[in-house]
Amino acid sequence: MNIEGGLPEKLEWIRDSLEFFGPELILFTGIIIVLCAGIIVPSVRTGRSHGVPLILALVTTLLACALSLADWNAQGEATDLFGGMVINDRFSSWLKIVCDLAGALTLLLSLPSSQERKHVSEYAALVLGVVLGAHFLSMSVGMVMIFLSLELISISSYVLAGYSFRQAGAEGSLKYFLFGTASSAIMLYGLSLLYGLTGSGIIASREFAEGLMEHQSLLLLVAGLLALAGFLFKMAALPMHLWAPDVYEAAPMPVVALFSVVPKLAGLAVLTRFVLAVTAYGQTAFDWKAIVGLIAILTITAGNVAALRQVNAKRMMAWSSIAHSGFLLIGVGALTEQSVQFMMFYAAVYFVANYVVFGYLQYFESRGLQTIPDFAGTGRSDPAAHTLLLTGLISLTGIPPTAGFTAKLLIFTGLYDAYRTTNDPFLLWILVPGLLNTVISLFYYLRIPYYAFIRDGQSTPVKYLTWTNFLGLVLVLILLGLFFRPDGLMGWINKITFVL
Amino acid sequence: MIPIEHYLILSAMLFSIGLMVVVVKRNAIAVLLGLELMLNAANINLVAFNLAHPERLDGQMFAVFVIIVAACEAAVGLAIILRAYRLFHTAVPDDISTLKES
Amino acid sequence: MSPDADIAYLIVAASMIVLSAPLVSGILSALVPVRYSWLVSLTASFMLLIAVVGAVLLAWTAGLEQTRHFSTEWFTLGGSTVSAGILIDKYAVVMVLVVTIVSFLVHMYSAGYMAGDTSMRRYFVMLGFFTFTMLGIVLSDNLLILFMCWELVGFSSYMLIGHWMELPSAAKASRKAYIMNRVGDLGFIAGLMIVYRNTGTFDITMLAGHALQGWETAAALCFFLAITAKSAQFPLLTWLPDAMAGPTPVSALIHAATMVAAGVFLLARIHFLFPPPALQVVAAVGLATALTGAAAALGHFDIKRILAYSTVSQLGLMITALGMGAKDAAMLHLFTHAFFKAGLFLAAGAIIHTLHQAQMSTGETYDVQDIRNLGGLQRLMPVTFGVFLLCGASLSGLPMFSGFQSKEAILSSILHGHNTWGVMVAALFILAAFLTVVYTFRLIWFVFINNTSRPQWTTVPEVPFVMRFPMIVLALASLWWIVSPNPLSFSGWFMTGNAGALSTLTSMAVVLGALVFAYLFFRKKAAVPKVADILTSTFYLDTVFAVLVIRPVGHLSYLFSRIDRKYIDGILHGAAYAQVTLAHIVAWFDKVIIDGLVNLVARLAAWTGALVRTFQSGNIHMYIFWAGIGLVLLTLFIVA
Amino acid sequence: MPDHILTYLIFLPVLAAFLALFVPRDRAMWFKVLNLATCALQVILVIMAVSRYGRETGELRLEERMEWFSLNLGTWGNLKAEYFLGVDGLSLPLIALSAFVMLIAAISSWTIVKSVKGYFILMLILNAAIIGSFAALDLLLFYLFFEFMLLPMFFLIGIWGGSRREYASIKFFLYTLCGSILILVAFIGLYISGSAPGDVATHTFNIMHLRDAGNYLPGSVLDPSGGWVIGGWPARNWAFLLLFVGFTIKLPMVPFHTWLPDAHVEAPTPVSVILAALLLKIGGYGLMRIAYPLFPDAALSLSWLVGLFGVVSIIYGALTAMASKDLKRLIAYSSVSHMGFVLLGMASATQEGVTGAVYQMVSHGVITTMLFLIAGVLYDRTSDRMIGNYSGLARIMPIYFAVVLIAFFASLGLPGFSGFIAEIMVFLGAFRSEVIHLSLAIIATLGLALGAAYYLWTLQRMFFGPLHVRGAATAEQLVDLGLREKTMFLPLAAITLILGIFPQLLLRYVDTFAVGFVALLTGGS
Amino acid sequence: MIYAFYIFAFIAVAAAAGIVFARRLFHAALFLLVSFLGVAGIYAVSFAEWVAVTQILVYAGGVVVIIIFGIMLTARIPGRPTAVSNSKWFAGTLLALAAMGFLITLFLSESFGTATAPPVEEGFTLVNRFGIVLMTDYLLPFEVAGLLLLITLVGAAVLAATRNNNPTS
């Protein structure tokens, strides 16, 4: 092969690729700026104007979001960049938008509690790091990129998990680190085997698919599962979910909110691409959809039943987020174009509802309510906050009149539709317990309102017009609006033409 | 040339040993050692497979990046372990389990 | 307009008066304020008087010859419409007369009897309401409305039996009566449904045309179940004696004259629905009831119970007649029976009332209804005695009394067929008549003649006029002339035909013989010294009678009363207990099994949750270990 | 306001609830008056609606229809949901009943003291949800209102309930949510296989469209002509079964009824009134509006099952009522028994039966309101509902006794009260129906005797006999009805009486509906 | 050369096994170092000089040193044994044997291509080619790796810099 031969056009497409990297570049510069702000501005170091880095990071995420939006509108079809290392399509743009908004909300949530937090600028930088890693991960199809961006997210998360500088935080990040490294090693092993089997480091490439065609063996299955393990770890899905409860319990609330959305969605994106790749246009010997479906249903069930008896609110939400990653996986299990679109819708709704809940959990935590029994009787004194929280929880459950219902309806519709087209009874077997799980989930979701409203307890009245209530109200209105008029958002999502 | 299967068997051994170390050793640093072993096993795979597909250097590239990442992980991991050690006066995760199902 | 048309107007108007007057009386009594509750008796009696006038007008205009039918649309079901209307024929007219007159008299009597009762208003409300619904039964042309009124009379009888709520006996009796009737009503409903299923209509006049293909006997027996309950036929008769816990005028009106006769009336009205086999069942039941009732009446000592049993047996006779197809005769007996039995009850009520007063003055307590405590009242209460005597005579069917004529009518029409079945029935019928005479005589003997008089009874007064007047009217109404001018023949304004001399003579002989026997027997039993020696001459006769008749009858009566008390009630109670226990079992099932399943599901979920959470040991090594194991298991599962 | 009368009916309470948000929480009287005014206004609106409706029609009136949203499902058409309201002979009486009962409940809520604001806001929301679910003709809209009832009810029982309120509320919620999930599954299947007339691409929730078999995609899951077969059984039967179970949990039907007694016993009086009088009706309404018309074939082939469960409910409910010691629990079980008649009438698939079923729903709505108010009266006085603790009350509370008499005898189907008409019609239908066996009807008649038994026994134990009061209560507490209570009872008694004597007043509306219903069933088979 | 492979392989595995059985943590780290070197040797004999060099530099020179620092820091506290105790032998061996047997059987059942040396044009060494590929095809991963290092730096700094005045709070 001739090396100089390829060189000019390689430089050519590198230059072309760069213009699709607006959001990522913004985030990168954001990280630098925030760090420099932390170093240069003395008042940040002394902790007096702690808000500054957060505001800067917030602006950065919003800019990134705007840019992602821009190239959402710009490009219609998928374009692969950097020699196919990454793909930029509407699928990834959508996830980028959601992740940016999630990052922004996280920073917003961390504003009130930032004064008792040290190293605010590093904190902001790490949050941006997570978001940036999510950006890369949602785009990447090259194994190297997958691995690197996954590690980018992981390493930032390890540090963030311990950001409440307490014993619990240290323990959480330690566990997170050990588990995460192990799972990434496992994934790496799987990826290496896949590379060996196909001879291509890019899962979207043609020779990857051909290589799969040649080796439809058990080893391929094992390799795929090992690789899958890493993604499942990011999504906190079975069997790689074990870290989630402990870490969630340990981490500060905004970080937990971030964990429950951004790495999950990024992992979901890469998992979707991966499953689509290994199914190799449906010619594979193994029913990867069924595997994902199985994992999904196990995850849903495990998450829901385990959440039933939780005492700590954060821990309960951890299990709930596990269950929800199961619901998201259903979209992958069906793996039709609609189902992926519905999955995106679900992701958006889940993101909003989750932030409502975590926002209020932080609000109540600041008032000293840690465990669920602490909430007893607080609903009487603070009905506004609790009603908004209740709406968020109901949306997570999936009951009208909240968008959660629409999202679940659509997810199951997608499944049903897949069942209709590919007459695969397995999908039906996912459908039924999936629906039953909704009932189970209601129990723990309603426990906080139950304690707050029905159980008696002493509580002091508080004023309604708070910053949190305003934020919550906005998000709740979004949830309600998405129930009453989902067609706007859905029509938008319909533009996602999902190909590798 | 050495058949690729031999590389693979070697990597499998290292991987399993690493896994064993991870599970068996109580000290966090020892666990870290095991993890490093597992990463190495993956690297061996990559390099070996690159022999099978020699026209591009993907495998070796990948291996290099893995090494870098491994270094990063080691750094952060040790930092974390040291924090935990400072707070708990032990580096044995089993003694550090305040977070568990109530 | 044609004369027929305005006759029709008159008839409808009259029947409207008849129907509305009692209802108005009930409503008025409800509206009267508590302080003026004495007003109630006046208004109520007055409205009933109007009703009587209306009834007379109705009888005069409608006459007995042709049947008239007026109906209007009530509601529509899909295509078909359910109509409501009045059907007036001979029986309806007769019943209207009976009901209004007796009801009026009882109202009047109650004015005295219930004076000073705290809940007098409720009493009169219910009395008026009862009369209204009873007239509804009589006049309605439509089985559905008839059934509605049928249940409503049950309701008002429930309220009136339980009028004295403080008495547990009253409460129990009322509930028992209502539930037994309800059981009968199930039969009625079933019958209704069968009729509707096959004909699609409730209108009695239209039913005559249709045929219930294959369902005749079933429908007939269903209806007959209802009749059995309402008219206290065997075996559903035990509620009637208990119902005597209610005020005596109520017993007179409802449980002697009218309501219990409703069954007989219904049977006469839908007689055409009854095929021969069903009719034989009817006759058999009727006879059984007649004998049981009569024998039981012989065994009892409570005056009202005895009368109640006699009512039962008389109703049995009517049913028997209907079973033998003698509609007119049965209705005639109903007509006569209403008057003399009401008279008997009112007289008994008078005695009870008076003696209660006496007890209040002297403050001693004994059961005034127990005939063994009574005796020698004929001097103290001559009017009552006279009334009792006349009505009793009519009941036992002495010649010159209406009872004689109606029974003779029945007997003759039973024998009309000249077949063995008829003869058998007739024989038993005669036995029943015989027993009737005996217990009636016994009753009168014990209450009035047999002298165990107490000293303080010299103060016992005769009842006031307002109570005396109805008794006298009823006594006169139990004479022959209300049936026909000829004291020995039943063919009069109501029905024609003449009994064979044979039947007339037999009945006469039976009655008189029974009378003589009873006299001799009870005279001795009463141990009146100065007649003892006369008895010695007929000693053997006495013993023979005693051995051959009295003892068996005594035992039989005892046995029958035992059967009533123990077995039939026992069965009912047993059923009730069984029901309640079943209910408890069901409740337990409810609590344990069904809730249990739900809780089981919950526990299952909790258990799985615990299982999942056991992996959360907080131990990172184990996390990694389990993750690895999980992956391996997943692989194995997929491969396998 | 020519044609939006239903919208006004539904959203008036919502508006009121919104206003109530801004009333300071210590102004108890304001909330009560607001609620009362809202309900009164609704009654007026209902009267207007009835007058608009006219009498002669069988089909929908007062329709309001606009597109809600339509989602693009990519290659697979798009999903269309409508804001579609309308009333016919079935829903009009029920809406009228709802408005009326809500008014009564508003009066009866006067005694609420605990956190009044939340209570009345929840009541108003519940009100809107109930009327909405009676008026909605779009499956998704219906489901929205249907679910919307759960949470207010949950909190109304859970916060203002009695001693075991937590258990009761959770149980209620569990049951009804399971039911609604089953219903949801069927709905998904329906809109997946149904389509708007004309364009196949549009998947609709419109009940009226899903009614006729022509609108189903050929070969789709629930296609009436050649739908799928799952587990050796037509998918349509499965779907019908799902709907059946889902709605009969609400009805409630044995064996899905055990939430009812607990919920009733624990709930405060107005809430249990609404629960019994209206929420149970939504189960029957759902069966008649959705399950039967959309699956006539399955309904006919399974009507033996429906009838069987109906009869079982009748007998079982009556027996259990007989065994229960708590007055309110007894009444609750009597509801189970009475709603069994609705099932039986429906199952008979005859003119009489269907009419009777609807009639029974309305009349039970009125009568059970009286019954629960009666239990509430006693509970307000002495906070003790044990039957065994009372005796001879008739002497000291004569008016109360009169009311109890009316209510009990109306409930056990005494002629002259609405219950009698309903039950007799159900029996007429059951006896002449071809689809269910005669024996069912005959067994069902036993229910009447049992009903008489437990009511009369209760009367005898509580009101007859010598007066004494056991337990915590004292005879001094037992004062007779006050003016407010009389004003609650009077209209109720009047209505059951009027409906019992002049059934045509209601049949005028129900009859035409029943004609169409039966035609749909028998035509659909 | 073939023997070299097996020798190195033996060294790597033996050293790895040594880690398992090492009593003291410090020895384990040294075993790791040996194992790394063995692996590096394997790279060297299979046409991956660059990787081998990186391995030696980064792992042997970097990681192991860090780890040993870590061991020192955690061992320095008096009264605490530096001996590393083992637990869950059964679980560990079970998992390890399961994984090993599984993988090896699978590997033996599968056929991979034959190993061939990567082609090199004249005038270029493998390292040149490596560099060019790194700067063109792998430009993005290269940058991301830099970013990763930055983040690591920040994170490690944060973790190291915080002195906790009150551990329990």
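Each chain gets a letter, A, B and so on, in the order the sequences are listed, and its residues count up from 1.
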Visitor: Counting heavy-atom pairs under 4.5 Å with chain B, which one of A:Ile202, A:Leu191, A:Leu174, A:Thr181 comes out on top?
Guide: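 Max contact count across the listed options: A:Thr181.
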Visitor: So which part of A:Ser154 gets closer than 4.5 Å to some heavy atom of chain B, the side chain, the backbone, both or neither?
Guide: neither
Visitor: Go through B:Leu8, B:Asn50, B:Asn45, B:Val76 and name the one with the most non-hydrogen pairs under 4.5 angstrom from chain A.
Guide: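 Sorted descending by pairs with chain A, the first entry is B:Asn45.
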Visitor: Do A:Asp246 and A:Tyr176 get their side chains close enough for a donor-acceptor pair, meaning under 3.5 Å?
Guide: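 Judged by distance alone, the side chains do not pair up.
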Visitor: Please flag which part of B:Ala74 lies under 4.5 Å from any non-hydrogen atom of chain A: side chain, backbone, both or neither.
Guide: neither
Visitor: Looking at A:Leu193, A:Val247, A:Leu148, which makes the most heavy-atom pairs under 4.5 Å with chain B?
Guide: A:Leu193
Visitor: Is there a donor in the side chain of B:Ser11 and an acceptor in the side chain of A:Tyr189, or the other way round, less than 3.5 Å apart?
Guide: yes
Visitor: Please determine, among A:Gly201, A:Ala185, A:Gly199, the option with the most heavy-atom pairs under 4.5 Å with chain B.
Guide: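 Ranked by contacts with chain B, first place is A:Gly199.
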Visitor: Does this structure show an ion pair linking A:Glu249 with A:Lys314, if we count only N-O contacts that are shorter than 4.0 Å?
Guide: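 Looking at A:Glu249 and A:Lys314, the cut-off is not met.
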Visitor: Which one of B:Asp58, B:Ile81, B:Asn43 has the most heavy-atom pairs closer than 4.5 Å to chain A?
Guide: B:Asp58
Visitor: Which atoms of A:Thr198 come close to chain B, meaning under 4.5 Å heavy atom to heavy atom: side chain ones, backbone ones, both, or neither?
Guide: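 For A:Thr198, the contact with chain B is made by the backbone alone.
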Visitor: Check each atom of B:Phe62 against the heavy atoms of chain A and say whether the ones under 4.5 Å are side chain, backbone, both or neither.
Guide: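 Both parts, backbone and side chain.
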Visitor: Please work out whether the ring planes of A:Tyr195 and B:Phe49 are parallel, tilted or perpendicular, with thresholds of 30° and 60°.
Guide: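 A:Tyr195 and B:Phe49: perpendicular rings.
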Visitor: Specify whether A:Tyr158 and A:Phe177 have parallel, tilted or perpendicular ring planes, treating 30° as the upper limit for parallel and 60° as the lower limit for perpendicular.
Guide: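 A:Tyr158 and A:Phe177: perpendicular rings.
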Visitor: Taking side chain as everything from C-beta outward and backbone as N, CA, C, O, which of these in B:Ala52 sits under 4.5 Å from a heavy atom of chain A? Side chain, backbone, both or neither.
Guide: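 Neither part, no heavy atoms under 4.5 Å.
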Visitor: Take B:Phe65 and A:Phe147, measure what ring-ring contact (aromatic ring centres under 6.0 Å, His included) needs, and give me the verdict at the end.
Guide: CA-CA 9 Å; B:Phe65 281 108; A:Phe147 182 62; 9.4 Å; no
Visitor: Could you tell me how the ring of A:Phe231 sits relative to the ring of A:Phe274: parallel (under 30°), tilted (30 to 60°) or perpendicular (over 60°)?
Guide: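 Plane angle over 60°, so perpendicular.
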